[in-house]
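Lettering follows sequence order; numbering is per chain, from 1.
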Amino acid sequence: MDHLDYVLKILPFILSGLKLTAKIYVATLIFALPLGLLAAIGKVTGPKIIKSILFLYTWIWRGTPLLFQLFFMYYALPVIGIRFSPFVAATVAYVLNYGAYLTEIFRGGIESIEKGQYEAAKALGMTYPQTMRRIIIPQTVRRVLPPICSEAVNLVKDTALLAVVGMPDLLRIATQIFTRDFNIIPFIVAFVLYLIISSVLVKLFGKLEKMHSIYE
Amino acid sequence: MTMIRMSNIHKYFGSLHVLKGVSLEVNKGEIVSVIGPSGSGKSTLLRCMNQLEKIDGGILEIEGLVVEAAGNVGVKVSASQQQVRDTYRKMGMVFQSFNLFPHMTALENVIEAPITVNKMAKTDAVKIAERQLAKVGLLDKKDTYPSKLSGGQKQRVAIARALAMDPDIMLFDEPTSALDPELVGEVLGVIKKLAEEHMTMLIVTHEMGFAREISDRIIFMDNGEILEDASPKEFFEKPRHPRIKTFLEKML
Ligand SMILES: Nc1ncnc2c1ncn2[C@@H]1O[C@H](COP(=O)(O)OP(=O)(O)OP(=O)(O)O)[C@@H](O)[C@H]1O
Ligand SMILES: [Mg+2]
């Protein structure tokens, strides 16, 4: 029974870690999804200069480790006088990284829409922006839902990198309690929480995908 | 009244000369069928009319307005951009592959352009859409997604969608070529109904019997040129050109 007591005792700390993890998670999705969609539209339809900038963006951010990007935000930028709060620094790093991946997913989705859809819209008198907004983007979003959901599940696991830069997230709090008490239970609690969260998300996204596939 | 006038239209795809100086007039209420071998430029001709393709030479007039002029033709486009857009709306197009919007129900497909393009109130658009769906015999399928419709039904929704914009001219590019034989009739039936209402129509088709029955004129295209422009009677009974003779023999 003292195991359960111990779990109840450490749970408030662990949950405070979970809260930070959840905050970063939600903030990342809220900003990275629109960023990815807009950047994808820019990449497909924008003028050359925009396309080049976006190419550099996705190339650099997908071509370097997320952990490097976190380190860069945390340690390198302050040296040249750019300082954010730890939370903002972490969020920006995650948003830019996931935004880059989402850009490529959305771009692939947009480019997979058949030419006939554009032609039908044009023949009905729709302008290009109307066509994108009403015809192409809604189909794209439905089509890329599966890869986006799998990115969203990956993000749960990637949040653990916060621990490496010293943010008191779920993993770091668990580690702290472990070093303090030299007891494996905090790790087990964190393990169970990660697994529950990702499983719930997988289930939820599965439902979402089903809902939006009625037309296929 | 001349609805469409094409004068000496040229079209290239790279170095491929696909339309070689095509001239053609379609009058109000006329039904013109376009036939000819594969690759002769029939689709391109239609696509140039509603500006899915840009012409490389010649003059395109729709309802008396020069909407496109290319090359050294001594004529300038007399239509404003807005007028050019309006002419699109006055031309309905039906594609071989339907091109319905798969994320929308049949009804949503039909109300989309009236609402988005014509800024019509949704209730009015729905009224129009239901009338058009009833006309093509699919009112009971209005809440069905395209994926759940047969090819013939899809094509009829596509026709209703074009009709909802109240077009003056309907262009059909092989509307039945992608259909199973038993579904061809229902689509041709809808087109016949439009013919009875004196809709101006240009129809690319391989259905010879249908073309003969419905058309005021038959145009025969070969290798980017119009070889013949005649009444169905003349065309089928005494084709003047040997190429047409061989083509018809192969088709029948
Ligand atoms: N977008 C394009 N790019 C390059 N070549 C094209 C393009 N569209 C058509 N062509 C070529 O132009 C020629 C005429 O094509 P078009 O589709 O107008 O013929 P068609 O008479 O409609 O033939 P079909 O009966 O097979 O539909 C063909 O040789 C075709 O390969
Ligand atoms: Mg064709």
* Salt bridge flag under 4.0 Å for residues R107(A) and E104(A) ->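 E104(A) and R107(A): salt-bridged.
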
* Asked: When you check the gap from the basic side-chain N to the acidic O, do K28(B) and E63(B) get nearer than 4.0 Å?
  -> no

* How many angstroms lie between atom CD1 of I10(A) and atom CG of L15(A), to the nearest 0.5 angstrom? ->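 Here the rounded value is 10.0 Å.
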
* Asked: When rounded to the nearest 0.5 angstrom, what is the spacing between CG in L149(B) and NZ in K141(B)?
  -> 7.0 Å

* Look at the aromatic rings of F55(A) and W59(A) and report parallel, tilted or perpendicular, splitting at 30° and 60°. => parallel

I'd like to know whether [atom1] of [X] has more than 12 heavy-atom contacts from other residues, nucleotides or ligands below 6.0 angstrom.
X       : atom1 : answer
K119(B) : NZ    : yes
F191(A) : CZ    : no
F205(A) : CZ    : yes
H198(B) : NE2   : no

* To do: Pick whichever of K122(A), E119(A), R133(A) has the most heavy-atom pairs under 4.5 Å with chain B.
  =>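 Ranked by contacts with chain B, first place is E119(A).
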
* Name the option with the most non-hydrogen atom pairs under 4.5 Å to chain B; the candidates are M126(A), K115(A), Q117(A). => Q117(A)

* Output, in order, the C-alpha distance, side-chain angles, deciding distance and verdict of side chain to side chain contact (heavy atoms under 4.5 Å, CB included) for M1(B) and T200(B). => CA-CA 11 Å; M1(B) 181 179 154; T200(B) 309; over 6 Å; no

* **Per-residue contacts, residues 89-98 of chain B versus chain A, heavy atoms under 4.5 Å** =>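 Only R89(B), M91(B), M93(B), F95(B) of residues 89-98 of chain B have a heavy atom under 4.5 Å from chain A.
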
* Contacts with chain A made by residues 152-168 of chain B (heavy-atom distance under 4.5 Å), listed by residue number -> R161(B), A162(B), M165(B)

* What part of L171(B) lies closer than 4.5 angstrom to a heavy atom of chain A: side chain, backbone, both or neither? -> neither

* Heavy-atom contact with chain A under 4.5 Å, split by part of Q51(B) -> backbone

* In this structure, which one of L38(A), L54(A), T58(A) forms a side chain to side chain contact (heavy atoms under 4.5 Å, CB included) with T103(A)? ->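 Option passing the side chain to side chain contact (heavy atoms under 4.5 Å, CB included) with T103(A): T58(A).
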
* **Heavy-atom pair count under 4.5 Å with chain A, highest-scoring of D86(B), T105(B), L100(B), N50(B)** => L100(B)

* Using the side chain to side chain contact (heavy atoms under 4.5 Å, CB included) rule, take T91(A) and I24(A) through it: C-alpha gap first, then chi angles, then the decisive distance, then the call. => CA-CA 6 Å; T91(A) 307; I24(A) 296 270; 3.8 Å; yes

